[in-house]
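Single-structure report; data block below.
Numbering of residues begins at 1 and proceeds along the displayed sequence.
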Amino acid sequence: MFMSSARHSHTQARLTAINVLFLASALVSILCAWEISKGATLHKLNFLHVKYNYQLMEEMTSFEENRQIGALTELILNIRKQPVACLEIIGPVEAFAMRVAGTYDAVMLCEQDIVDADRALGALASYDEGALSGEQLRAELDRASIAFAANSAAFEPLVKHTVDAVLWTMIVLISLKGIAIAYFGMRLSNRIADSFVELDAVSKEARQNADRLNLALESSNEAIWEWDQSTGKVHASHHFFQHIGLPDPGETDLVAWLTTNAHPEDLGGLEASWAAHLSDKEVHDINCRIRDGKGAWRWVRIKGSVPGNSENGQESVVSGTLSDVTDFVEAQLQAEKANAAKSEFLATVTHEIRTPMNGVLGMLSAISRERLEPRQQDRIHVALQSADSLMNILNDILDFSRLDAGSVELEMLDSELTELTTSAVELLRQKAEEKKLRLEVEIADDVPEFVSVDPTRVRQVLINLVSNAIKFTDAGGVAVRVAYRGANDEYGVVQFSVQDSGIGVADADKKRLFRRFSQADASITRKFGGTGLGLAISQRLVERMGGEIGFDSVAGLGSTFWFTLPVNIVEAPEETPDIVSIDSDRVARLKILAAEDQVVNQQVLRALLEVDGHVITIAENGERAVAAAQEERFDIILMDIQMPVMDGFKATDAIRAHSAFNSETPIIALTANPSREVRETCARHGMTDCIAKPINLETLNNVIVAAFAAEDKKTPTVVFG
């Protein structure tokens, strides 16, 4: 077969060579005929040039002074037209051929004719104006006539020799073509004779291969199909249909067969996949469900392509494979369900743990504000730190489960990069100072002041990276740097990097860093603690924001973790009012209605608020909150969103619509999921603000004071004094 293929290749090459020779010969003949035609035209133009020159000389013999010169002018103009026409015909090929055929330059002769004609026309004009005498005009025209005759005499042999050269060239090329065709024809006839000898052996081997292929197909669950697009008919290996319990359809209409047997939900995907293959050259490879002979759905993988994946996809016959992948797809679906169930379980368990943790943190915060002995205060401080650490772990698990489920939504806001970076770092400064580490922030001069990002997620990634750097550094310091690579005036890329002088990462451990629940090795987990989720969460958040994250590290010399974010540059927002300080005495003893169904959360709210002297009324659900709001006026209403009987949204709607005392009272939403959608929903229902659970005392106080100040028609940006 190898030799046969080689011989067929040589045969095809010779056929191609003969075709090329015929094509080249035809092309040469056309070109030569075209050049001969041009030569005839040039010869005619030169003849006219000579004719008009003779007429000029005859006119000059009978020329008398004070005679009209119109006839002479017309003759000169006719003489001038001939070299102009010649220049339009003479191209680079003709100019070269004429230069080879003679000693004169044809273009130069034509241009000289034009110059002589223009000079003669000038003399006629001067004579007509009286500037030249008859003798002077006669001398100028005699000189021009002699020049015209000389140029014509020089031009004529150039045309003749050029035409001769073209004719001989054509004769030589045609002769060479005949010799070459004779040579290739002899070799081709020998190859064809040899091919007939091989044909029988090749046909026999092809039959054997076809038998082997049929045997292999009959023993597998794969089928080969062919689809004739011109007729819409499809033919597939009959054993495949036997495998799934369907009768062999033979040559049938593909669209009709799929409409009858394929799952209705999969028909659109099949059509879209094929359209994408034809238009975008994507591989047509898709799984769909086919009803088997028992009425059950089986997963089938369909692969196919237009031969060569042509640009127009108009070939008549298309082929591909068909295979039963039910077991594989069902196993994959089960794995996806298990993964989704795991994420849901983690989110549910984490959310449920956060409720009692809210009680722990709230009560500890309330106790820490009471008068305690130093020893008791230290113990409360340790308990608060431990509770905060546990809450951080829960938050990590919850974040990761949300990212795993793809339910994390970004909230793009106009943010000040410098403030965003420094505020995130400042949260960890005390932690660095406890270890006597330097903590520096360097922001490049070209970093834009305001950009559109999700500040919460950027701050979360920065805190993760800086916290890790401090955790794994015992001496030296941590440097946070921000750089900028601008693409244009409105768009660019910001790069954040966190460099430390810590333990670094060994080469063998680098590939494990961004895996979930993974640190470099078990000893690091025991020594430094943590879930190993921080970097995995950071990676997914950065990628969710369209950026990249990575690191460079040398064991024992420290690490540099970095991430990049695409950003849109925005204008600085309008100036906000200055932050004013309101004396807490002014907002002490507020009457607060708290709608909360969880007993623990009720106790936490009461403990946190009564420390500052506020008077608290608890409503176990939204319905009771509405009833309480009808009976007396409150300064602030805290409204849990999820409650039995009536939820926080419906309760807020009822209070805004029907309460005589509290239709304009600030209502603060309490929720474990303060996402953008939840905050927007709160605003639509007339809620003033929204804070997250577990409730942070400082956040709660600031929100209450801000709402109270806003109600007094003062600036809403306030802090406690």
Side-chain angles (χ1 to χ4, degrees), residues 343 347 350 391-392 394-428 441 443-444 447-468 480-487 490-498 514 516 533-550 561-574 576 669 671-684 689-693 696 699 703:
S343 297
T350 304
M391 185 58 71
N392 289 334
L394 293 174
N395 288 336
D396 280 350
I397 295 174
L398 183 61
D399 277 345
F400 189 82
S401 65
R402 287 173 176 169
L403 286 165
D404 214 25
S407 60
V408 171
E409 296 295 332
L410 300 179
E411 183 177 13
M412 307 305 289
L413 300 174
D414 296 349
S415 307
E416 186 179 1
L417 267 183
T418 300
E419 189 279 331
L420 175 62
T421 306
T422 55
S423 63
V425 174
E426 286 302 315
L427 292 174
L428 300 166
V441 178
I443 299 177
V447 171
E449 186 177 3
F450 288 92
V451 296
S452 177
V453 293
D454 185 328
T456 302
R457 297 306 179 183
V458 174
R459 188 179 291 108
Q460 183 178 355
V461 175
L462 270 174
I463 289 174
N464 273 341
L465 297 184
V466 177
S467 179
N468 272 353
V480 180
R481 298 183 176 88
V482 184
Y484 179 70
R485 300 195 301 272
E490 299 179 354
Y491 171 83
V493 175
V494 175
Q495 176 167 320
F496 300 86
S497 60
V498 179
F514 288 100
R516 54 188 178 179
L533 283 175
L535 288 178
I537 291 172
S538 298
Q539 182 185 43
R540 296 198 179 194
L541 284 175
V542 169
E543 291 174 351
R544 181 75 177 79
M545 292 185 285
E548 297 180 354
I549 189 169
F561 283 80
W562 55 265
F563 67 97
T564 60
L565 293 177
V567 296
N568 290 321
I569 303 173
V570 296
E571 296 293 333
E574 295 182 4
T576 56
T671 176
N673 178 30
S675 65
R676 177 179 60 186
E677 289 79 10
V678 171
R679 289 198 295 273
E680 290 174 351
T681 305
C682 290
R684 286 198 302 271
D689 208 335
C690 175
I691 60 175
K693 295 180 179 180
N696 178 274
T699 302
V703 169

Please report the interatomic distance CE(Met412) to OG(Ser452), rounded to the nearest 0.5 Å.
4.5 Å

For Thr681 and Arg684, which I'm curious about, is there any donor-acceptor pair between the side chains at under 3.5 Å?
yes

Do you know the tightest heavy-atom contact between Glu416 and Phe450?
CB-CE2, 3.6 Å

In short, Val482 meets Val447 closest at the heavy-atom pair O-CG2, 3.6 Å

Identify the heavy atoms of Ala444 and Ala483 that sit nearest to each other, and give their distance.
CB-CA, 4.3 Å

At what distance, to the nearest 0.5 angstrom, does CG of Asn464 lie from CD of Gln539?
12.5 Å

Taking the side chain as everything from C-beta on, heavy atoms only, tell me whether Leu535 gets closer than 4.5 Å to Phe561.
yes

Derivation of the side-chain contact (heavy atoms from CB on, under 4.5 Å) call for Leu420 and Val453:
CA-CA 10 Å; Leu420 175 62; Val453 293; 4.3 Å; yes

Report yes if the side chains of Val458 and Met545 come closer than 4.5 Å at any heavy-atom pair, otherwise no.
yes

The reported gap from OG1 in Thr421 to CZ in Arg459 (rounded to nearest 0.5 angstrom) is 9.5 Å

Phe563 side chain near Leu541 side chain, heavy-atom distance below 4.5 Å:
no

Side-chain heavy-atom pair Asp454, Arg544 within 4.5 angstrom cut-off:
no

Which atom of Leu428 lies closest to which atom of Ser467, heavy atoms considered
CD1-N, 3.7 Å

State, with a plain yes or no, whether a side-chain heavy atom of Ile463 is found less than 4.5 Å away from one of Leu427.
yes

Quick one: CD on Glu543 to OG on Ser538, what's the gap to the nearest 0.5 Å?
11.0 Å

Looking at Gln495 and Trp562, what are the two nearest heavy atoms and their distance?
NE2-CB, 4.2 Å

At their closest point, which heavy atom of Tyr484 faces which heavy atom of Ile569, and how far apart are they?
OH-CD1, 3.1 Å

Once rounded to the nearest 0.5 Å, what's the spacing between atom CZ of Arg457 and atom CD1 of Ile537?
9.5 Å

